[in-house]
Colleague: 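I'd like to ask you about the structure that follows.
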Amino acid sequence: MSFSWHPHEAYYVPVPENRDEALAIVAGFKPVLENEKVQKIGQNLKFDISILRWYDVIVKGPLFDTMMAHYLIQPDMRHGMDLLAETYLNYVPVSIEA
């Protein structure tokens, strides 16, 4: 899981394959993810929300999906995060392999 609360500050929390260990880690984020007053902004939120359901988290609150927003303004382009970062921010993300 990765997240950020402040500009230029982000965190990555690895979630292990072991379901019991993963549930324990994800449970720590549940109060924020299920809080209806906290806006969630992300890339491809539909996917993230469906995965979090497997960990007994029901995401609530206002949502803003950057992939969906980009689709609405540029339907003929691809909408992956790397392409969006390169196109709009002049930033080449570090590959997941790195």
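The figures that follow rest on heavy atoms only: side chains count, while hydrogens, waters and symmetry mates do not.
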Colleague: Is there a donor-acceptor pair under 3.5 Å between the side chain of Gln43 and the backbone N or O of Met67?
Modeller: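 At least one qualifying donor-acceptor pair exists.
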
Colleague: Would you call Ile58 and Arg53 a side-chain contact if the rule is heavy atoms closer than 4.5 Å?
Modeller: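 Yes, side chains in contact.
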
Colleague: Test your reading of the model: is there a side-chain donor-acceptor pair from Gln74 to the backbone of His79, 3.5 Å cut-off?
Modeller: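 Not confirmed, Gln74 side chain does not pair with His79 backbone.
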
Colleague: Same hydrophobic cluster for Leu33 and Trp54, using side-chain heavy-atom links shorter than 4.5 Å among ILVMFWY?
Modeller: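 Yes; Trp54 is reachable from Leu33 via cluster members.
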
Colleague: Hydrophobic side-chain clustering at under 4.5 Å (ILVMFWY, transitive links): who's grouped with Val32? Put none if nobody.
Modeller: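 Grouped by the 4.5 Å side-chain rule, Val38 form the rest of the cluster around Val32.
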
Colleague: Given side chains that start at C-beta, do those of Ile51 and Asp48 come closer than 4.5 Å, heavy atoms only?
Modeller: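 No. Closest side-chain heavy atoms not under 4.5 Å.
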
Colleague: Where the side chain of Lys37 meets the backbone of Gly61, is there a donor-acceptor pair that is under 3.5 Å apart?
Modeller: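 No, because the side chain of Lys37 does not come within donor-acceptor range (under 3.5 Å) of the backbone of Gly61.
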
Colleague: Just wondering, do Lys30 and Asp56 contact through their side chains at under 4.5 Å, heavy atoms?
Modeller: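 Yes; the side chains approach each other to less than 4.5 Å.
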
Colleague: Tell me if the CZ atom of Phe47 is crowded by more than 12 foreign heavy atoms within 6.0 Å.
Modeller: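 No, the 6.0 Å shell around CZ holds no more than 12 heavy atoms from other groups.
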
Colleague: How many angstroms lie between CG in Leu84 and CE in Met77, if you round to the nearest 0.5 Å?
Modeller: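 One gets 7.0 Å once the value is rounded to the nearest 0.5 Å.
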
Colleague: Of the options Phe29, Tyr55, Tyr11, which is the one that meets Met1 in a side chain to side chain contact (heavy atoms under 4.5 Å, CB included)?
Modeller: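 It is Phe29; the other options fail the test.
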
Colleague: Hey, what do you get for OG1 (Thr66) to OH (Tyr71), rounding to the nearest 0.5 Å?
Modeller: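 OH of Tyr71 is found 15.5 Å from OG1 of Thr66.
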
